[in-house]
Amino acid sequence: MSEVIDGKKFAEGLRQRIAQAVTDLSRQHRITPGLAVVLVGENPASQVYVRNKSRQTREAGMESFEFRLSADTSEHELVGLVERLNNDPKVHGILVQLPLPGHIAEEKVVNMISVEKDVDGFHVENVGKLSIGEDSLVPCTPAGCIMLLKDRLGDLSGKRAVVIGRSNIVGKPVSMLLLRHHCTVTIAHSRTRNLPEVCREADIVVAAAGVPEMVKDDWIKPGAVVIDVGINRVDSGEGKGRLVGDVDYEKVADVAGALTPVPGGVGPMTIACLLRNTLIATCRQVGVTVPDCIA
Ligand code: GUN
């Protein structure tokens with residue numbers, strides 16, 4: 001049986017360290033980090049995410065600014081709000097919840113966010129900096145995956161990593177981070193041939209394809225560490241939905257050395273890393289050293 005990687009517990013610890021650093025920052029420098037979250041429309045999943053983000057922001061001692069705009073908000077109005085937030089000194093981080101309604105160009109809005117306040121790390125300049133290894137704000141879910149891997153494995157240098165999925169939010173940035181940690185990285189996707197065989201080579205598998213329970217036990221080298229980024233709601237047969245990852249947990253748990261569960265694995269790390277990015281962004285904007293305790 002593999003070790004369960006308890007992301008919920010790890011995220012709680014990280015949030016506590018962030019809260020302590022926020023207290024220190026306000027005592028020593030009279031600064032309170034502020035995070036603005038913008039939601040356009042009524043996507044039910046986005047509403048839950050935004051509520052959780054705002055609550056955990058306040059719990060960490062930061063200021064939360066929440067903007068809920070109607071689904072018919074124009075791109076012009078949204079860009080106007082982003083510009084105001086860019087110029088507001090009380091706002092150190094800005095997150096526009098995706099997806100946006102179809103009439104709004106996501107890349108245009110994301111790239112309007114000030115690079116220094118882009119706590120999602122989705123701005124093209126932050127993406128570029130990540131790929132050339134410059135300091136930048138790094139996307140939250142990938143950052144969370146790396147923290148869990150380092151906690152389990154220590155040095156990642158020389159490990160063979162297979163990332164399944166090539167999205168801009170997870171697959172590509174997590175691959176860049178693994179490369180930064182000196183892994184040999186393969187990015188697999190829907191057109192990859194012999195995917196089970198490719199995965200069996202890996203010391204580290206990051207599953208981020210969005211396909212429920214696709215990764216099976218015979219895809220995994222015994223002892224490998226498996227990080228499951230998938231969150232899929234499937235019909236459990238009794239009319240109720242059940243959350244599953246991209247990994248067939250029961251089967252893979254017999255082979256892997258360690259494995260993240262769904263829920264309670266990578267999911268809780270995403271918001272913890274968003275708070276971490278907000279703290280990092282604040283420190284950089286006001287010229288204070290980023291505390292080591294959140295490294
Ligand atoms: N929608 C789903 N995940 C994310 C995320 O990490 N950031 C934003 N802005 N929107 C999302």
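Bear in mind that the values here come from a model prediction, so they are computed numbers and not experimental data. Whatever order the structure lists them in is the order used to number ligands and atoms, beginning at 1.
Of the candidates V37, D120, L39, I94, it is D120 that places a heavy atom closest to atom 8 (C) of ligand 1.
For ligand 1, the polar-atom distance check against Y49 finds no nitrogen or oxygen pair separated by under 3.5 Å. Ligand 1 has no nitrogen or oxygen under 3.5 angstrom from a nitrogen or oxygen of F122.
A salt bridge (charged side-chain N to carboxylate O under 4.0 Å, His left out) with D203 holds for exactly one of K221, R160, K159; it is K221.
Below 4.0 Å from some heavy atom of L95 lie the following atoms of ligand 1, by number and element: 9 (N).
In this structure, T186 contributes its side chain and V162 its backbone to no donor-acceptor pair below 3.5 Å. A donor-acceptor contact shorter than 3.5 Å links the side chain of S74 to the backbone of E77.
E116 and S114 share a donor-acceptor pair across their side chains, judged by distance under 3.5 Å alone. Side-chain contact, S26 with T32: no donor N or O sits under 3.5 Å from an acceptor N or O. Q20 and D24 form a side-chain donor-acceptor contact under 3.5 Å, judged by distance and modelled atom types alone.
Distance from atom 11 (C) of ligand 1 to its nearest protein heavy atom, with residue and atom name: Q97 NE2, 3.4 Å. From the protein, the heavy atom lying nearest to atom 10 (N) of ligand 1 is L98 N, 3.0 Å.
Within the 4.0 Å cut-off (strictly below), no protein heavy atom is located near atom 3 (N) of ligand 1.
Residue contacts with ligand 1, taken as heavy atom pairs separated by less than 4.0 Å, do not involve I169 at all.
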